[in-house]
Amino acid sequence: MNAILGGLNPAQQEAVEVLSGPVLILAGAGSGKTKVLTHRIANLIAHGTRPDQILAVTFTNKAAKEMRVRLWKLLERQQGPEFDDTGLEPPRSFMPYMGTFHGICVRILHIEHLAAGVERNFTIYDSDDQLTLIRRILRNLHLTGDKSLTPKIVHGQISHWQTLGMSPQDATKEAFYPNQKKISEVYVEYEREKRAAGALDFDDLLTRTADLLQSNSEVRAKWQQKFQHILIDEYQDTNSVQYRLIKYLVNAERNICVVGDDWQSIYSWRGADFTNILNFERDFPGAKVIKLEQNYRSTGNILAASQKIINQNKTRTDKHLFTEAGNGNPITIENLLDENGEANYVAHQIVKMEPGRKWSDFAILYRTNAQSSAFEKAFMAAKIPYKIIGGVRFYDRKEVKDLLAILKLLANPHDRVSLERVAKNILAGVGQASLDKLFAQFDADPEVSLRTAAESLGGKAKMSVLRLANFIEEYRGQIVISAEVEEGDQKDTSATATAQTLELAEVVEQAVKYFDFATLVHSETPDGEERMRNLEVLASNATVYESLEEFLTDASLLSSADEANSGNAVTMMTLHAAKGLEFPIVFIVGLEEGLFPSSRSDGSEEALEEERRLAYVGMTRAMKELFLTFASSRYAFGGRTYNAPSQFLLELGYNPYGSGGFGESGAYDIVMSNDSADFGILGGDPDGEFARKKTKEDNFESQPEPVDTFDSFPEDVPVFEG
DNA sequence: GCGTGTCAGCTTTTT
DNA sequence: GCTGACACGC
């Protein structure tokens, strides 16, 4: 058996071997989905498809990177020594285009900027930038002070319209409520400002590309011709615009392969629509449907418990996951006093289990990023190495964004949001009034230079803006702004013609000096030292990029979960960030009503089902051991809250009163079994569905020994703060 | 224009 | 309990 088909089960082999026509792979958790995708790509290449004719869309950049590395290793095994696996990322020229929808759209828009009617060096506005812009428009339209028109609400409505494909004009027509009418006015201005600034927001990246492919048959034909094979991972998480994109990119051969699992759809809050995957056979008649149902990751108990959770959902397809692994150890449910008790309990368990394992075998998954702090404290005290995935992105730190704003101005001097940021945070003496004057100049004459516009200012403001203009003029000519794009690039040579004499990192370092960041961040303070270090990291990150534009694109599109996370340490992250990963031992913490499921899902059956899918995703990350914990009370919003155990625990058969009451530390071993003759739950099972016959002893006298309690950890027993 | 004080919103999840 | 937006006064 060759390297491509070896080690695959029959369903997986089929998914790798059926190379033409539409293919839908319904891949259960842990069923070897990534393996199938990489082997399928390798097989395409083995059958003569050129790598650059393959488009593989992943949900995160991290997933794309992982697939690149795995494909590279596989090709190396196939092709022999010329594919030298140096451990580094493989050269992109040998590889298919792999990336997120946003990433591929940026690429298409760069190449097709003339046809798409966008600037060659368009700036990407992230949500922060969008809010800045909306705030300014609200001010200009005298709409501030209205609590029902916060920048956030306005942004939500505009983004909703964008995703529906509605222009500001459409929105103005359709707006019905007074607030909608006001927001539609903001929308008109918002679009105008973005255009004036040569900027696209996250939604634009997708909609502009879809619109281009829809309206321009020549461009559409070109890209359809280019991508002979399209693979889409996490298809259940695609939204309506992404769905449109796929439809326009697929050519008459219909070589499209999508992989997904409706049980793991956890992004509907941002527009994902898992009916896309349910409708695939309707959209692509004759599609080959392959189900991957054998789970290679988890023990029988973990799989059975996950299954029991997902079974509560009404809206879902039927799948029958199975494993050949044994039942393994029981799942542990533990009730702690508060968030510190919870963190100490987890730390203690990890210390106990660590011998013979690596720290990186453990993962802690929570619903919200805010939950990480108690664990940081406890792990620091217990001297357990840990790493936090997610949270504040490196590129979202204030000082980093400030410096990036300068770089963005180098790439695109018309970028008003960045100018506003630089003026307010970096330049001395330039406030709102000066900015308004500058923008008025730009509105009067879009081509006017910053230097000329500065003439309308006086005194200190003028000096500062001229100083900024000097910097931009000095360095703009000395760095590579745009990447050379291959084939068919309708090149606008003006931006790329100048000779590169400076590395990006040098420009970053120059900017730090020129704008005196040391003073700005108070570098003598501990906090300031760290900020200065971040700027050094920024410079060092810049060294791997060949053009400013690539660097800025990644700075906008890389998520915090994409950031480096190697090393031997316990991993902490949100349940969302954990999708696609696996760990021998998993702790899901904070299983409390209002936290998980989130109180935001109250009253909505759909939202609750999504929370349940999230629980399913979390539980199926575990290979060997699964711990579920909840705290009787927890700090939130500066006050102490008291939460009931999560309904998901009750669904698993947990009985909160089973161990003599609430608020006491007690452990439950919940045994889930594949073997229906031996389903057993110790500690309670309200509906009795999976319980062995309960006796009084089971509930009151013969409680199973707690796996561990606080009593063995006296110095860490939290003081009840009330 | 800038520093200071007050207040509100915040903890879902992310490209 | 923290952050950031805004108002106010200098």
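Residue numbers start from 1 in every chain, and the chains themselves are labelled A, B, ... in the order their sequence lines are given, proteins ahead of strands. Quick caveat, the model's predicted, so the values are computed rather than measured.
Taking 4.0 angstrom as the limit, Arg270(A) places none of its side-chain polar atoms (N or O) nearer than this to OP1 or OP2 of dT13(B). The phosphate of dG9(B) has neither OP1 nor OP2 within less than 4.0 Å of any side-chain N or O from Thr150(A). A close approach under 4.0 Å does occur between a side-chain nitrogen or oxygen of Ser434(A) and OP1 or OP2 of dG1(B).
Note: CG (Leu131(A)) to C1' (dT3(C)) measures 15 Å, nearest angstrom. In this structure, Asn61(A) atom CG and dT14(B) atom P are separated by 14 Å, rounded to whole Å. The CD atom of Gln264(A) sits 20 Å away from the P atom of dT13(B) (whole-angstrom rounding). For the pair His102(A) NE2 and dT14(B) P, the computed distance is 14 Å after rounding to whole Å. Taking atom CE of residue Met573(A) and atom P of nucleotide dT13(B), one finds them 15 Å apart after rounding to whole Å. Distance Tyr267(A) OH to dT14(B) C1': 6 Å, rounded to the nearest Å. Between the CG atom of Asn425(A) and the C1' atom of dG4(C) there is a distance of 12 Å, given to the nearest Å. Distance CG (Leu575(A)) to C1' (dT13(B)): 9 Å, rounded to an integer number of Å.
Separating the P atom of dG4(C) from that of dT13(B) is a span of 16 Å, rounded to the nearest Å.
Between Glu112(A) and Arg107(A) there is no salt bridge, since no side-chain nitrogen of the basic residue lies less than 4.0 Å from a carboxylate oxygen of the acidic one.
Annotation: cation-pi geometry not satisfied between Arg621(A) and Phe583(A) (NZ/CZ under 6.0 angstrom from ring centroid, within 45° of ring axis). Tyr395(A) does not carry Lys401(A) over the face of its six-membered ring by the limits of under 6.0 Å from the centre and within 45° of the normal.
With dC6(C), dT13(B), dT11(B) as the candidates, the nucleotide lying closest to the side chain of Asn369(A) is dT13(B).
Residue-to-nucleotide proximity on DNA chain B shows that, of Gln432(A) and His576(A), the 5′-proximal contact is made by Gln432(A). Judged by closest nucleotide on DNA chain B, Lys460(A) is the one of Phe637(A) and Lys460(A) placed further toward the 5' end.
At a threshold of 4.0 angstrom between heavy atoms, the contacts of Ala428(A) are confined to the sugar-phosphate backbone, with no base atom among them. Residue contacts shown for Ala433(A) are limited to sugar-phosphate atoms, with no base heavy atom under 4.0 Å away.
Enclosure of atom CE in Met463(A) is not indicated, since only 12 or fewer non-hydrogen atoms of other residues, nucleotides or ligands lie within 6.0 angstrom.
Centroid-to-centroid, the aromatic rings of His102(A) and Phe202(A) come within less than 6.0 Å.
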